[in-house]
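For reference, the structure discussed in these notes is given below.
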Amino acid sequence: MIAGGPSSASSALRSSPSCERNREALGRVLEAWLTPGTLLEVGSGTGQHAAYLIDRLDGVLWQPSDRIPDHGSINGWAATAEAADRVLPALALDARSSEQWREMPDFDALLTVNTLHIMDWGAVTDLFSNAAKLARDATRFFVYGPFHVDGKPTSEGNAVFDVQLRAEATGMGIRDLGEVRALACRTGWVEVAHYHMPANNQMLVFARRHLSALS
């Protein structure tokens, strides 16, 4: 998964159909919650989200990151945005790596899209834990993707997708909403909003636990 100007980067651009489908809904949620500051995206993949959304998020500085070190597509897409100066060069970040997390710049918000089901559960745990250690007092954590509810798929499509994921690699699979909420609580986050999104996806918004009364 996941410089120069658009012409030099265009050959490196990759495209994800899911980004095309979810970008408008994602944008509406982020517009409702984000204030000026730095947004760290974990698992930027192709880089499309930053390119599509930065132009509508006034005052936001977008920091892409991805576990895979080849960031040509992420940086290439960023160069196509009108507000390209507010998308920083992508950084290497593995959710499990405490060292890499310590090297991340300060952030005011955290976004991860369609990543929990491609990580093993240990990496999901490390994502929530490491992010909480570095979060600012007012940090919001946006988590988007498909979820099971009470251990059951929410649609036939999600059921099929889950089988495909588990066949592809040990540890992958759609996460249960209750388990993710419990993990968030254990690692210092509290849920402040929950959105049902297109194509049987959901968006969870978390805050630092001690700020929950103010949300």
Response to the item:
Apart from Leu61 itself, its cluster of hydrophobic side chains linked below 4.5 Å comprises Leu88
Practice prompt. Give every residue pair that meets the salt bridge (Lys or Arg N to Asp or Glu O under 4.0 Å) criterion with at least one member in residues 79-94, sequence neighbours excluded.
Written response: none
Worksheet item: Among pairs that include at least one residue of residues 27-46, which meet salt bridge (Lys or Arg N to Asp or Glu O under 4.0 Å), considering only residues two or more places apart or in two chains?
Response: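 Output for this query lists Glu31-Arg56.
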Item to complete: Using the test side chain to side chain contact (heavy atoms under 4.5 Å, CB included), find all partners of Asp120 that sit at least two apart in sequence or belong to another chain.
Response: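 Scan of Asp120 (side chain to side chain contact (heavy atoms under 4.5 Å, CB included), adjacent residues dropped) gives Arg96, Ala123.
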Item to complete: Only counting residues at least two apart or in another chain, list the ones meeting side chain to side chain contact (heavy atoms under 4.5 Å, CB included) with Leu165.
Response: His117, Ile118, Phe161, Met172, Ile174
Look at the side-chain heavy atoms of Ile, Leu, Val, Met, Phe, Trp and Tyr, link any pair under 4.5 Å apart, and say whether [X] and [Y] land in one connected group.
| X | Y | answer |
| --- | --- | --- |
| Leu39 | Leu134 | no |
| Leu183 | Phe142 | no |
| Trp121 | Leu204 | yes |
| Val29 | Leu40 | no |

Practice prompt. Can you run down the side-chain hydrogen bond (donor to acceptor under 3.5 Å, both in side chains) pairs that involve residues 172-183, sequence neighbours left out, and say none if there aren't any?
Written response: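 For residues 172-183: Arg181-Glu191, Arg181-His194.
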Item to complete: Please list, chain by chain and in numerical order, all residues satisfying side-chain hydrogen bond (donor to acceptor under 3.5 Å, both in side chains) with Ser16, sequence neighbours excluded.
Response: Ser18
Item to complete: For Thr35, check side-chain hydrogen bond (donor to acceptor under 3.5 Å, both in side chains) against everything at least two apart and list the hits.
Response: none
Please tabulate, one pair per line, all N/O donor-acceptor pairs under 3.5 Å involving side-chain atoms of residues 149-157, not counting sequence neighbours.
{"from": "Thr154", "atom 1": "OG1", "to": "Asn158", "atom 2": "ND2", "distance (Å)": "3.1"}
{"from": "Ser155", "atom 1": "OG", "to": "Asn158", "atom 2": "N", "distance (Å)": "3.0"}
{"from": "Ser155", "atom 1": "OG", "to": "Asn200", "atom 2": "ND2", "distance (Å)": "3.3"}

Worksheet item: Looking at residues at least two apart in the chain, or sitting in another chain, which of them share a salt bridge (Lys or Arg N to Asp or Glu O under 4.0 Å) with Asp108?
Response: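 Expected list: Arg136.
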Fill in: Shortest non-hydrogen contact from Ser73 toward Arg14
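In terms of heavy atoms, the two residues are closest at OG-N, 2.9 Å.
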Practice prompt. For Phe141, check ring-ring contact (aromatic ring centres under 6.0 Å, His included) against everything at least two apart and list the hits.
Written response: Phe128, Trp189
Fill in: From CA spacing to verdict: side-chain hydrogen bond (donor to acceptor under 3.5 Å, both in side chains), Tyr52, Glu24
CA-CA 9 Å; Tyr52 288 146; Glu24 288 300 322; over 6 Å; no
Practice prompt. Using distance alone, with no hydrogens and no angle criterion, decide if Gln48 and Thr46 have a side-chain donor and acceptor under 3.5 Å apart.
Written response: yes
Practice prompt. Report yes or no: do Tyr144 and Asn201 form a side-chain donor-acceptor pair below 3.5 Å?
Written response: yes
Practice prompt. Determine which pairs satisfy ring-ring contact (aromatic ring centres under 6.0 Å, His included) with at least one residue from residues 81-101, sequence neighbours left out, and list them in order.
Written response: none
